[in-house]
Amino acid sequence: MTQSKDNPEKSRELISEENMKDLLTKQLEVVGSGGAFVWAIFFLCVTPNILNGFHVSSYTLLGHLPDDQWCDIPDLQSTNWTLAQKREIASKGLDSGGCTVWDWNYQHLSQMSYEAAVNYTLHLSEFGKPAEVSCKVKGQYEYANPETTFVSDWDLTCERSIQRTSAQVSISLGKFSGSFTFGILADKFGRKTSFTLGAVFFVVGSFFCTFSPWYSLFLAGRFALGAASSGLFYPAFTMIVENICLKHRSWMSIAFSASYPIGMIILAVMGYLIQPWRHLQLALTIPSLLLILNCYLMNESPRWLITNQRYDRVYKILFRQPSHYEIKPAIAASPIVTDKKSLEPEESFSLVDKLKNGPLKSIIELYANSNVRKLIFTSYFMFCVTSLSYYVTALNAANLSVSRYLYIIATGLVDIPSYLVPVIMLRYTGRRITTMFLFLWTGVSLLLVLSVPAGSTTWIVAFAMLGRFGISATYSVVTLYTAELYPTQIRNSALGTCSTFAHVGSISAPYVVDVLGALGWYIPTTICGCCVLVAGLLTLTLPETGTGKLSDNVEETAAAPNPTEQPEKQ
């Protein structure tokens, strides 16, 4: 017996490490089945995902193309012509959206009346039209309601329109980098540590986006927001999967995913009420300060602490009092000296060995074990295809003739009920069958677009949105399924690297729509439909995880699907 540091008058009981693990694991099952512990984890993890819905979708409102754009010619400022007359002279017959103007001698035209200038240009046109030149050669861009978009602040239009797109690409690149980095950090240093670092990135990135005077700093802020969204999402989601019992785990993980479109709906309402883009960005930034409270109230994941042998801290979290146990030291047998070499000091580990057993350990374990390796490559394909299809359907549906505010709300409203389907299916069919069915549903819906004539826009959009409904449901199930496939040791690394491949899909989606869509309107949905069907078939090679048993070590990972294993009722 030894004296407790927290309570010197009370002796600490000796207990074996194995018994301590069993004691803490059983208590985690008790507190994880309901009560304040479960609801605290749920609300502390859900609120950051609503914020992700703010910023990742804010590009549609902050960076929309101006509703009306024209080229303002300084030489015509001295005339008494109306704006419509100036635009008529400069760009009559041009369909460039104000990007180009006719190469007239505007200084000479400014000395005439409007009627004389029209007659003069018509006369010259009879001998040949003048050259079509960029607006920047003769004047500058002007916009209707320029304060509603950052495009007008930095003239991200016409020949610089690709730079406008980089605002959305920077978010995807940030998520690409953050999902990989924060996944490793969460496995190495803890879920709360990774979450806290993500919160710092989120707040700093939000303020960069709000007050940046330069577009490059604005992009840096968007990149930080993308990285932070991964730093918040995966540790938070892992906390739910690891510490909440199977009875609540399924519906809470689905509700967690459904919080993202709630953020989109709130964004659309705020965007409608707050028009200047910097004011809207500030309104989206202020709620991020609530993450400070989340970081203060959130505890570290007990299951992660158990895996890393931090038993006293787990005991205090689960029992709400200091531990009165002390781990019994293992008795090591004295080695028998049989050779002089055994008396020689052991060689120090090389740098490579230190890396293998240190920061790269969880990554190496993803590929070193043959069972895990088969699972991870299938998961990569599933995540990439799911993300690609999700964003392609979003971009294709954006061609609807509705306001951007109504479109974001409609997208959120479509996504929310799509999360209810998996809740019902998971209760009766398990993870594998549910995932396969939703993949097939999405694939068939997207391929049905081929049966619709090109002019039937309503039916094309209807099938595309049906596919989006299916892929949104698939996204939530795939994330839950993947989290359960891998042991605690490498769970966050697996989710992080899977997310990296998901962002390969999200980065590719705009190019699939813009480049391949220009070759044929049906190509993007056809590519996604075929890939999704393949992903559905590959799901059959995965094991069922709806048994309520999560593995902690790589050696416990299932080798192949067991067709006789039935999921537990949830």
Side-chain angles (χ1 to χ4, degrees), residues 46-68 143-153 164-165 167-168 170-172 175 202 205-206 209-210 218 221-222 225-226 228-229 232-233 255-290 390-420 461-462 464-469 471-473 475-476 506 509-510 513:
V46 161
T47 49
N49 205 40
I50 296 177
L51 299 182
N52 285 341
F54 283 2
H55 290 285
V56 175
S57 302
S58 63
Y59 170 76
T60 306
L61 300 182
L62 300 174
H64 67 89
L65 288 172
D67 297 327
D68 189 18
Y143 314 94
N145 303 318
E147 72 281 354
T148 63
T149 173
F150 63 72
V151 172
S152 60
D153 281 20
R164 166 183 167 268
T165 307
Q168 183 65 12
S170 61
I171 280 273
S172 298
K175 296 182 73 174
F202 201 93
S206 296
C209 290
T210 303
F218 178 79
R222 298 279 292 180
L225 283 175
S229 66
L232 296 175
F233 178 87
F256 176 85
S257 299
S259 62
Y260 178 88
I262 290 175
M264 295 173 61
I265 295 173
I266 297 174
L267 164 69
V269 174
M270 293 174 66
Y272 181 78
L273 298 175
I274 305 173
Q275 293 295 315
W277 78 268
R278 287 193 185 271
H279 294 178
L280 175 58
Q281 180 67 61
L282 180 61
L284 300 176
T285 298
I286 292 175
S288 67
L289 298 176
L290 294 174
Y390 182 87
Y391 286 99
V392 164
T393 53
L395 293 173
N396 277 352
N399 293 323
L400 287 170
S401 299
V402 295
S403 74
R404 50 185 175 273
Y405 309 107
L406 291 177
Y407 175 72
I408 294 177
I409 291 178
T411 303
L413 292 176
V414 166
D415 284 353
I416 289 176
S418 71
Y419 295 114
L420 300 178
V461 172
M465 293 304 290
L466 183 62
R468 180 176 177 82
F469 183 93
I471 204 63
S472 297
Y475 224 140
S476 60
S506 65
V513 172

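Residue indices begin at 1 and follow the sequence shown.
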> About how many Å separate CG of L225 and SG of C209, when rounded to the nearest 0.5 Å?
4.5 Å
> List for me each residue that meets ring pair (Phe, Tyr, Trp, His ring centres under 6.0 Å) alongside F469, sequence neighbours excluded, and say none if there are none.
W441
> Check the side chains of D415 and S472 for a donor-acceptor pair under 3.5 angstrom, ignoring hydrogens and angles.
yes
> Sequence neighbours excluded and cut-off under 3.5 Å, please list the side-chain donor-acceptor pairs for residues 261-275, or say none.
from: Q275; atom 1: OE1; to: Y405; atom 2: OH; distance (Å): 3.3
from: Q275; atom 1: NE2; to: G271; atom 2: O; distance (Å): 3.4
from: Q275; atom 1: NE2; to: Y272; atom 2: O; distance (Å): 2.9

> Hey, could you give me the CD1/OG distance between I171 and S506, rounded to the nearest 0.5 Å?
10.5 Å
> Donor-acceptor check, side chain of T148 to backbone of P276, threshold 3.5 angstrom: yes or no?
no
> Scan residues 278-290 for pairs that pass side-chain hydrogen bond (donor to acceptor under 3.5 Å, both in side chains), counting only residues two or more places apart or in two chains.
T210-T285
> Going by side chain to side chain contact (heavy atoms under 4.5 Å, CB included), name the residues that satisfy it together with L289, two or more places apart in sequence or in a different chain.
V203, F207
> Using side chain to side chain contact (heavy atoms under 4.5 Å, CB included), reason through L280 and L61 one step at a time and then give a plain yes or no.
CA-CA 9 Å; L280 175 58; L61 300 182; 4.1 Å; yes
> Using 0.5 Å steps for rounding, measure from the CZ atom of F150 to the CZ atom of F218.
4.5 Å
> Is a side-chain N or O of R222 found less than 3.5 angstrom from the main chain of A167, in a donor-acceptor match?
yes
> Give the intermediate values and the outcome of side chain to side chain contact (heavy atoms under 4.5 Å, CB included) for residues Y260 and I50.
CA-CA 5 Å; Y260 178 88; I50 296 177; over 6 Å; no
> On a heavy-atom basis, which atom in P66 and which in V151 lie closest, and how many Å separate them?
CD-CG1, 4.0 Å
> Do any pairs count as a salt bridge (Lys or Arg N to Asp or Glu O under 4.0 Å) and have a residue in residues 261-272, sequence neighbours left out, and if so which ones?
none
> Output the distance between atom CD1 (I416) and atom OG (S259), rounded to the nearest 0.5 Å.
9.5 Å
> For F256, give me all partners under ring pair (Phe, Tyr, Trp, His ring centres under 6.0 Å), at least two apart in sequence or on another chain.
F233, F237
> State, yes or no, whether a side-chain contact exists between W277 and E147 at a heavy-atom distance under 4.5 Å.
no
